Amino acid sequence: MTKIKLNINNKDTVLEADPQMPLLWAIRDLAGLKGTKYGCGVAQCGACVVHLNGEAVRSCVTKVSRAEGKKVVTIEGLSEDNNHPVQKAWQDLDVPQCGYCHSGQIMSAVVLLREKPDPTDQDIDDAMAGNVCRCGTYLRVRKAIHLASELQKTASNG
Amino acid sequence: MDNTSLSRRNFLKTTGAAGAFLSLGFYMPASAKQAKIVTAAEADQFGVELNAWIHIDQSGKVTIFNHRAEMGQGSYQAVPQIVAEELEVNLADANIVSAKGNKEKYGSQITGGSSTVRGSYKNLLKLSATAREMLIQAAAAKWSVDKATCYAEGGKVFHKPSGRQMHYGELVEAASKLEPPKDVVLKKRADYKLIGKPLKRMDTHLKTNGTAVFGIDKMLPGMLYAAVERNPRMLGKVKSFDDSAALKVPGVKKVVKIKRGVFTAYREGVAVVADSTWAAIQGKKALKVQWDDSGFEHLDTEEIYKRQAKALDTQEGLPFKKQGDVDGILSKASKKIEATYETPYQYHACMEPLNCVAHYQGDKLQIWGPVQAPEWLQEYLSKEMGLDKKNVEVNMTFLGGGFGRKALMDYPHEAAEISKAMKTPIQVVWTREDDATQGPYRPGITYRCEGVVKDGGIDALKVKLAGQNIGHASGAPKDKPNGSASEGFLKPYAESIKNLAIMDVPFETPIPVIWWRSVYASTNGFAYESFLDELAAEAGKDPLDFRRAHLKEERLQKLIDKIESVSGWKKRKKGEGFGVAITECFDSTVAQVVKVSKAATGGVKIDKVWAVMDCGWYVNPDTIEAQVEGSIVMGLGAATMHEVKFKDGIPVDNNFSTYQMPRITDIPPIEVHIMDNDENAGGVGEPGLPPFAPALTNAIFDLTGKRIRKLPFNLAAV
Amino acid sequence: MKFLKFRRTPLISQRNATLLSVLIFCGAVALSAFRTTDHLVTIHFKTENKDSIESVKAFMDVYTVLMSPRCMNCHPAGDVPLQGDDSHLHAMGPKRGADGKGVYAMKCMNCHQPTNTPGLHTPPGNPNWHLPPADMKMVFQGKTPHELAKQLVDKSKNGNKDTKQLLEHAHDSLVLAGWDPGEGRTLPPMSHKDFVKAWNTWIKKGAYAPAPTTN
């Protein structure tokens, strides 16, 4: 066990963990933040996506040691009040069904909209093909990303 | 809003602090067909648990208990929407909690067979209207006016002539003392304010910020995590195991041998208990287990289908339906159409792998988990763990998908066994590999179809199917045909096809099988609707007109008209790649048209899917649209991407890396329409799946002239 | 540019020159499966050039490595990397991006860690996992030995590498990753040591390209 210092959702945190432990389990079982989900453990489904220094890493294959000294943002830390434009768009269009994959879907979409505020359908494909949804909410995910792009613009103009 | 359950005691303690309340629910005696509506006081008299569907306290706060599992299909929103309609409260004022597993309280809670709404809506409407009438009656008595001059709206009762009003909270005490009226008048569809409207789901905001608690998210003080090594051949026993390396993994506390029941059989496993999920999984990897899987045949996929073909060749099967002179016509016909269809085994692949939290405390067991059938589980665990049923508490969390798999009791059983051995709360988590390779699966079925066309119609149709019967594992008689042999096939065909035979050819393997979204309709639909298309082509008829000619029911004629118009069927050009299929399951009928074209990169691509759902009376069109879209996506995966293959008795693919899921890049535009009528409510979570595969392959035939009779197939290789 | 002896304009057509060169050298190259190059013909066909034979022979060894899944999978013809020993398109279709490091939520390093992830079908790792950038795609997939050899020594197509840098590239950590591919993946057809030897021979003996018809 090693003491690993990192910043989770704007809070300096020390986790006592096996440095080999994937960030996913460190976040869930050690930090107690359960919003980030385990789906496949092999970087195939995207349910575990968190932001590591802003990048949408798959926490199931990212060792907690890679996060040492870095900033981790999970779905719980994305906004103060569930009101990030992506979250709002997801709510407006009732995107989730079972909802299990959507922490990851949202975290991926946020990176897309940061780097491409006005994404085309092709950009959405390129950004979101790594996130599996067994309920098949993909059409709404696409719609919601376009809506979030609009909401983001309104927010930055207002 | 909280999605964890409240025990009745806590619930009453909390609400009791505010004084009186009106609590009204069903009492569903095991022998009675009709629900009894009772108040809290009456429930105590009957000696049954209070059925707290609806609970209104003195502050006017309304709590609605949702008795069904929420696994994405929208019961979290549909049930309150029904209740709030007749109760006359605003949905926003209603607090919703998930109910615990309790058959006495809620009747069937199995979330399966698309039954959440269709199985309970009439009782829910009546219950809610009863509560409303009691509140109106209480207000009328307070004001000393005729109750006919009063009405309820937005959680208040109004006296129309004087404009006086009272909040429900002010009325609960008086209302709770009234006898529930026997016959209440339900609203007409035209007067609905909530039902039939695309209202927002009430659980969405919990699912956008990580606060929704799924089974895997449940934590208890002192809880340890367990991962279980199970026989890769799914069946059999532990011969011996070496846990020396596992026990050296930091965080691992203990290794215990456990069993779990799957249907009527027990299977063994070795559980590694640790202080984190990761440590448990690492410990599991370090285990060395010798398995005894003698007595089980180690089958390959090819062998399974070879045997199905042989069974179809050599056996006539058990008659599920036989009318007219099918065999006579088939044997004498100058031209007989024959086709064989193969459908694969399928894995549920819920995004949330199986998991469960159990806390065994000697005389009592508490369960928290993503479970589809809480009251089955309560009963099962009370037997298995030797506990009084009332001491087994089953709490439903959100489900990260279910699709039939989470109606089984094996994973909660494991959690209970480990908790008992460890004397601590335990969460057992299945890895994706465990989840993908342990089954049970949807059975793969081969269909042999024969037909004769005469005068542009079907003169005779015979379908023989060979595949595992899900019922056999739980004791269904093997000398009777599968009761679902024609599930998916529209019932009115049996009226227009005078010479019809559906034969179930018995077929067994050791592979455990279970329901998978839309169950047999998911495979039957492909065979029946593909073969109908082949017969239509033989008859030289338009595939949709051919179906129309055989389906005389007015309701179906309307559905066919609708799919024809929304899809632009009549305007399509010959060979443009249009295919249609219509299937029925769980009291709903769905028609789909798929349009395909040649892909630039080779093969075909899907340009669009149109779907028309006729589910009768419905609650929320937005939920239906989402469910049909989701069903089509799941159908797309099963038709073109994945199947469970076996090699030497072991499932080959163990994760999404090789068991490929449809992704956002694979999804065509989907247009969903809903028929408006007042027929009995049908299911919405499953019926959208079966027509997709045959509509797709029929479209490919239209485009290329090639029939696809084996699923899954590769779109790029067509 | 000491070792780079390419000429762009042959005196006679490449095909004829190759045939001619084969006639000239077939006795000299005992049992060699490799044919000589056009360049060789254009410059040296009057003299027996032992270096060119050895260089080309070495390159054909190099070529088997470069075209093995471990190398080719990240030098795809399209903008999506390849995967597996059958070099199928990478599941979920991650895109190259301008810098070769992926795009948006699908950047290479989001899944590919600094080291291999244990287990079958898990992402192999390297601290600098990436594809060649969009402005210099360095495609291997579909290239003949002739095309690939030419491309490798063309500074405008090889990442602006001179001879020294090319020689060093054989020791690049990402190249080395090919020999530590993670569980379940086959290794390149020869050891890294033999690869370096062949690579060095190819370059030091003149970096000759096999004839265009060689495949």
Side-chain angles (χ1 to χ4, degrees), chain A residues 1 17-18 20-22 24-26 28-30 32-45 47 74-76 78-79 81-82 84 86-88 90-92 94-103 106 124-126 128-142, chain B residues 70-74 200-201 203-214 216-217 219 225 250-251 275-279 281-282 349-353 398-403 429 431-433 622-623 626-627 629-634 636 655-657 661-667 669-670:
Chain A
M1 298 291 147
D18 174 353
Q20 301 291 313
M21 181 186 280
L24 168 70
W25 299 113
R28 286 181 53 86
D29 294 351
L30 306 184
L33 293 165
K34 299 284 189 178
T36 303
K37 302 300 190 226
Y38 165 66
C40 67
V42 294
Q44 281 288 328
C45 78
T74 71
I75 187 76
E76 291 94 339
L78 186 58
S79 66
D81 202 17
N82 212 348
H84 186 284
V86 174
Q87 290 170 312
K88 279 182 7 201
W90 248 246
Q91 291 151 16
D92 272 6
D94 268 346
V95 175
Q97 289 182 30
C98 89
Y100 193 78
C101 72
H102 284 286
S103 298
I106 289 169
I124 293 172
D125 280 354
D126 292 349
M128 303 301 293
N131 289 82
V132 171
C133 172
R134 186 58 160 158
C135 298
T137 61
Y138 297 117
L139 292 171
R140 289 190 187 203
V141 166
R142 185 182 301 284
Chain B
E70 174 56 58
M71 53 183 184
Q73 87 284 28
K200 292 260 160 268
R201 288 175 65 122
D203 54 346
T204 298
H205 69 286
L206 300 171
K207 294 173 176 178
T208 58
N209 66 357
T211 49
V213 178
F214 294 85
I216 203 168
D217 305 329
M219 283 209 284
Y225 301 85
D275 60 6
S276 73
T277 317
W278 171 245
I281 293 171
Q282 293 305 101
C350 306
M351 290 309 294
E352 180 192 23
F398 278 114
L399 283 82
F403 310 122
V429 176
T431 64
R432 173 58 60 192
E433 289 79 7
D622 193 55
T623 299
Q627 286 300 307
E629 283 175 7
S631 296
I632 288 169
V633 172
M634 198 155 167
L636 173 70
N655 208 319
F656 299 136
S657 24
M661 291 284 116
R663 295 173 181 273
I664 195 166
T665 40
D666 301 311
I667 312 305
I670 299 170

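Fair warning: this is a prediction, and the values are worked out from it, not measured in the lab. Just so we're on the same page: letters track the sequence lines, and every chain starts at 1.
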So CG of B/Asn209 and OG of A/Ser79: to nearest 0.5 Å the spacing works out to 7.0 Å

Check whether A/Tyr138 reaches the backbone of B/Thr665 with its side chain - one donor and one acceptor, N or O, closer than 3.5 Å. no

### Query
Is any side-chain heavy atom of B/Thr208 less than 4.5 Å from a side-chain heavy atom of A/His84?
no

Of A/Val132, A/Leu33, A/Val95, A/Val141, the largest count of non-hydrogen pairs under 4.5 angstrom with chain B goes to A/Val132

Whatever's closer than 4.5 Å to a heavy atom in chain A on B/Asp275 counts as neither

With side chains defined as the heavy atoms from C-beta onward, is the minimum distance between A/Leu24 and B/Trp278 less than 4.5 Å?
no

In this structure, NE2 of B/His205 is separated from CG of A/Asn82 (nearest 0.5 Å) by 7.5 Å

Greatest number of non-hydrogen atom pairs under 4.5 angstrom with chain A, of B/Ser276, B/Pro669, B/Ala279, falls to B/Ser276

Of the listed B/Gly251, B/Ala626, B/Cys350, the one with the largest count of heavy-atom pairs under 4.5 Å with chain A is B/Ala626

Of A/Arg140, A/Met128, A/Arg142, the largest count of non-hydrogen pairs under 4.5 angstrom with chain B goes to A/Arg140

### Task
Could you please spell out the steps behind the side chain to side chain contact (heavy atoms under 4.5 Å, CB included) verdict for A/Cys45 and B/Met351?
CA-CA 9 Å; A/Cys45 78; B/Met351 290 309 294; 3.8 Å; yes

Cut-off 4.5 Å, heavy atoms of chain A, and the answer for B/Ile281 is side chain

Q) Do any N or O atoms from the side chain of B/Arg663 and from the backbone of A/Asp125 form a donor-acceptor pair under 3.5 angstrom? A) no

A/Asp29 (side chain) donor-acceptor with B/Thr277 (main chain) under 3.5 angstrom = yes

Polar contact flag, side-chain donor to acceptor under 3.5 angstrom, A/Asp94-B/Thr204: yes

Pair count under 4.5 Å, heavy atoms only, with chain A: among B/Ile670, B/Asn655, B/Thr431, highest is B/Asn655

Of A/Cys133, A/Gly136, A/Ser103, A/Cys40, the largest count of non-hydrogen pairs under 4.5 angstrom with chain B goes to A/Cys40

Determine yes or no for a side-chain-to-main-chain donor-acceptor pair under 3.5 angstrom, with B/Arg432 supplying the side chain and A/Gly39 the backbone. yes

The salt bridge (charged side-chain N to carboxylate O under 4.0 Å, His left out) partners of A/Lys88 (sequence neighbours excluded) come to none

Turns out that what part of A/Leu78 lies under 4.5 Å from chain B's heavy atoms comes down to neither

With chain B, the option among A/His102, A/Gln87, A/Lys37, A/Gln44 that has the most non-hydrogen atom pairs under 4.5 Å is A/Gln44

I'd like to know if the side chain of A/Arg28 and the backbone of B/Ile216 have a donor-acceptor N/O pair within less than 3.5 Å.
yes

Checked A/Met21, A/Gln20, A/Glu76 vs chain B; the most non-hydrogen pairs under 4.5 Å come from A/Met21

Closest non-hydrogen contact found for B/Gly400 with A/Tyr100 is CA-CB, 3.7 Å

By ring pair (Phe, Tyr, Trp, His ring centres under 6.0 Å), B/Phe656 pairs with (sequence neighbours left out) none

Student check: side-chain heavy atoms of B/Lys207 and A/Gln97 closer than 4.5 Å
no

Whatever's closer than 4.5 Å to a heavy atom in chain B on A/Asp92 counts as backbone

TODO: Could you tell me whether the side chain of A/Asp18 and the main chain of B/Pro250 form a donor-acceptor pair under 3.5 Å?
DONE: no

